2 protein chains.
Amino acid sequence: MKSTIPEAGVPITQSDRQEASLHGEILLRLRDYVVEGNIPEGARVPERQLCEMLGISRTPLREALKVLAAEGLIELQPNRGARVRQLGKRDLEELFDIMAGLESLAGRLACEAITDEEIATIERLHYEMYGHYLNSDMHGYFHVNQRIHESIVAAARNETLRAAYASFAGRIRRVRYSANFARKRQRWGEAMREHEAILDALRRRAGSELSDILFQHLRNKRTAAIEHLAAVGDDIAAAPADS
Amino acid sequence: MKSTIPEAGVPITQSDRQEASLHGEILLRLRDYVVEGNIPEGARVPERQLCEMLGISRTPLREALKVLAAEGLIELQPNRGARVRQLGKRDLEELFDIMAGLESLAGRLACEAITDEEIATIERLHYEMYGHYLNSDMHGYFHVNQRIHESIVAAARNETLRAAYASFAGRIRRVRYSANFARKRQRWGEAMREHEAILDALRRRAGSELSDILFQHLRNKRTAAIEHLAAVGDDIAAAPADS
DNA sequence: AGGGATCATTTTGCATTCATTTTTTGTCTT
DNA sequence: AAGACAAAAAATGAATGCAAAATGATCCCT
């Protein structure tokens with residue numbers, strides 16, 4: 001008996017749906033492959049090459065490419081193939097704002113349903129993150145920080161929101177990670193204080209307040225990231241013009 | 001060679017955006033077709049039938065179906081074809097909350113960039129809507145109401161947000177429309193007052209405040225819609241229950 | 001020798017074909 | 001007559017083939 005495929009008529013969750021068929025498998029692998037940054041931005045990706053790399057024919061590959069294009073990870077130019085999407089400054093601003101909005105929403109919803117246990121878990125993560133902060137462990141801080149935000153999204157009890165959040169997060173994954181290392185010591189301290197405010201509002205289940213704090217917190221992240229990329233990012237900031 | 005099936009369905013309309021390719025054309029047409037509610041919820045949609053209806057082969061159709069599935073409009077069950085996605089009560093709650101979050105975000109962003117002219121336009125729409133309210137013109141009210149919310153989203157100056165908003169709106173389009181007619185006179189009056197508060201906050205560019213008001217406004221809409229569908233909707237509410 | 005046109009090669013888009021899986025139908029057994 | 005098993009029919013998933021477009025290379029003309 002395999003992985004408990006529900007009876008007919010019952011919707012299959014998006015994550016389960018993909019694994020069975022080949023195009024779904026390819027979709028998952030290709031998405032990871034792109035999100036992880038294995039293909040340089042704006043690079044042309046010939047179908048044939050991907051096909052032999054994955055050992056499949058073009059049909060399921062093309063289906064996966066269409067989906068990835070719909071998700072905004074790649075661009076499909078008519079008769080000219082697929083390119084990894086290049087994010088210009090404006091694109092990044094828009095995506096960061098959306099992430100801010102989604103987390104802001106997640107925080108508001110989380111206040112309606114979060115359990116004490118979940119809050120305790122987030123508190124533990126918070127202190128763990130504080131430890132990384134004190135040790136100036138950027139890498140550890142980044143990952144625990146991610147887990148905190150993911151925990152808030154999970155506490156919102158909204159699977160559709162979680163999926164949308166994950167999708168948008170994938171689109172700016174590389175940038176987010178690289179931008180994290182741009183964090184100045186001062187901004188880092190501010191972020192820690194903001195996280196304390198987040199935790200405080202969460203404990204009090206102050207939805208509207210938490211929504212505001214989260215948005216502002218992410219907005220500040222956005223500013224830091226954009227500034228960083230404007231200074232360092234030549235490859236990324238080069239995109240804003242068309243083609 | 002019988003390859004060219006002439007004028008089997010409908011001629012190609014190039015008026016649609018940049019979608020010159022066949023799969024893109026099919027995607028737009030199929031999406032509209034599903035969103036407009038031409039296929040009953042949960043109904044099986046054989047590829048063959050759609051192919052001859054659209055006058056194309058299965059390849060571009062299947063590509064379009066994959067994208068629609070990624071958008072959440074249809075479901076693809078392995079080896080069992082495509083079905084129009086059925087939204088259970090929980091799905092609707094989640095989607096309404098996301099719409100609330102996105103509009104809340106849009107309002108906040110709009111306050112940063114909206115022009116006096118845009119506000120004036122929204123004011124005109126508001127009074128037009130008020131007229132429909134006084135005349136109990138449900139249909140007119142619904143459409144002007146939509147335009148107001150779309151105007152706020154447009155004023156956010158975030159194309160990615162606009163696209164995401166449109167996508168989620170498509171998923172609950174039918175329900176939204178039908179739920180609108182469930183509006184009790186009392187709730188209708190409340191909605192009008194909320195709209196006045198929205199306009200007021202927008203004039204003052206009070207982003208955080210507008211964000212709160214919009215979320216609450218949409219939350220109230222959600223409650224009304226879910227109650228309505230719980231009472232009337234047998235087909236829609238039938239999905240979540242276990243088999 | 002340099003710029004541009006023409007032709008060959010590569011790549012993409014779509015149709016068709018082949019292989020499984022599912023669904024239906026028909027028959028047989030209890 | 002109802003249920004179960006089996007075979008046929010239909011539908012889906014993936015691969016291949018073919019035409020059109022794009023890319024690159026060669027050749028011609030000034």
Side-chain angles (χ1 to χ4, degrees), chain A residues 1-3 5-10 12 16-30 39 42-70 74-85 243, chain B residues 1-14 16-30 39 42-70 74-85 243:
Chain A
M1 183 177 292
K2 42 186 190 176
S3 60
I5 291 180
E7 292 302 312
V10 176
I12 300 175
D16 288 340
R17 179 203 308 160
Q18 312 292 353
E19 294 163 8
S21 55
L22 185 50
H23 68 263
E25 169 74 20
I26 294 301
L27 177 58
L28 292 177
R29 285 179 59 182
L30 251 188
I39 308 177
R44 232 181 120 192
V45 186
E47 294 176 3
R48 195 74 80 183
Q49 187 178 317
L50 280 178
C51 283
E52 56 191 34
M53 187 180 98
L54 296 166
I56 55 165
S57 82
R58 288 174 53 212
T59 306
L61 176 78
R62 285 172 57 79
E63 291 172 350
L65 288 178
K66 296 289 182 301
V67 174
L68 292 184
I74 65 175
E75 274 177 329
L76 292 179
Q77 295 162 317
N79 294 319
R80 298 175 102 207
R83 307 180 99 89
V84 178
R85 179 158 176 194
S243 67
Chain B
M1 293 193 185
K2 57 186 177 179
S3 58
T4 45
I5 299 175
E7 316 293 329
V10 188
I12 295 176
T13 64
Q14 55 175 348
D16 281 319
R17 295 176 205 157
Q18 76 251 11
E19 300 290 354
S21 56
L22 187 49
H23 67 263
E25 168 71 25
I26 294 302
L27 176 58
L28 291 176
R29 187 177 308 210
L30 253 187
I39 308 176
R44 213 168 144 208
V45 186
E47 296 177 3
R48 197 76 168 184
Q49 187 177 318
L50 280 177
C51 282
E52 56 191 33
M53 189 181 95
L54 295 165
I56 56 167
S57 84
R58 286 175 53 213
T59 306
L61 176 79
R62 286 173 56 81
E63 291 173 350
L65 287 179
K66 296 288 182 302
V67 173
L68 291 184
I74 65 175
E75 275 177 330
L76 292 179
Q77 294 165 316
N79 296 317
R80 293 169 129 207
R83 305 182 100 91
V84 177
R85 180 157 177 192
S243 52

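Just so it is clear, the model here is predicted, and its values are computed rather than measured. Lettering follows sequence order; numbering is per chain, from 1.
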List for me each residue that meets side-chain hydrogen bond (donor to acceptor under 3.5 Å, both in side chains) alongside A/R58, sequence neighbours excluded, and say none if there are none.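 Applying side-chain hydrogen bond (donor to acceptor under 3.5 Å, both in side chains) to A/R58 gives A/E47.
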Looking only at side-chain atoms of [X], point me to the closest of [options].
X	options	result
B/I56	C/dA15, C/dT12, D/dT12	C/dA15
B/N79	C/dC14, C/dT21, D/dA15	C/dT21
A/P60	C/dA15, D/dT23, D/dA15	D/dA15

Rounded distance in Å - [atom1] ([X]) to [atom2] ([N]):
X	N	atom1	atom2	value
B/E47	D/dG13	CD	C1'	9 Å
A/R83	C/dT11	CZ	C1'	13 Å
A/I26	D/dA14	CD1	C1'	11 Å
B/L54	C/dC14	CG	P	13 Å
B/L22	D/dA20	CG	P	15 Å
A/R62	D/dA15	CZ	C1'	14 Å
B/L61	D/dA14	CG	C1'	16 Å
A/E63	D/dA15	CD	C1'	12 Å

A/R44 or B/P46: which one's nearest nucleotide on DNA chain D is closer to the 5' end?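 Taking each residue's closest nucleotide, the earlier one in sequence belongs to B/P46.
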If you take all heavy atoms of B/R80 and B/R44, which pair is closest and at what distance?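 Looking at all heavy atoms of both residues, the shortest contact is O-NE, 3.4 Å.
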What pair of heavy atoms forms the shortest contact from B/E25 to B/R29, and how long is it?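 The answer is OE2-NH2, 2.8 Å.
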Check the phosphate of [N] against [X], side-chain N and O only, distance under 4.0 Å to OP1 or OP2. Yes or no?
X	N	answer
B/R48	D/dA10	no
A/H23	D/dA14	yes
A/R80	C/dT12	no

For a 4.5 angstrom cut-off between non-hydrogen side-chain atoms, does A/V45 reach A/I74?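 No, side chains not in contact.
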Pairing residues for A/R85 by the salt bridge (Lys or Arg N to Asp or Glu O under 4.0 Å) criterion, not counting sequence neighbours: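 Partners of A/R85 under the salt bridge (Lys or Arg N to Asp or Glu O under 4.0 Å) test: A/D91.
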Of A/A82 and A/T59, whose closest DNA chain C nucleotide lies nearer the 5' terminus?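 Upstream on the strand: A/A82.
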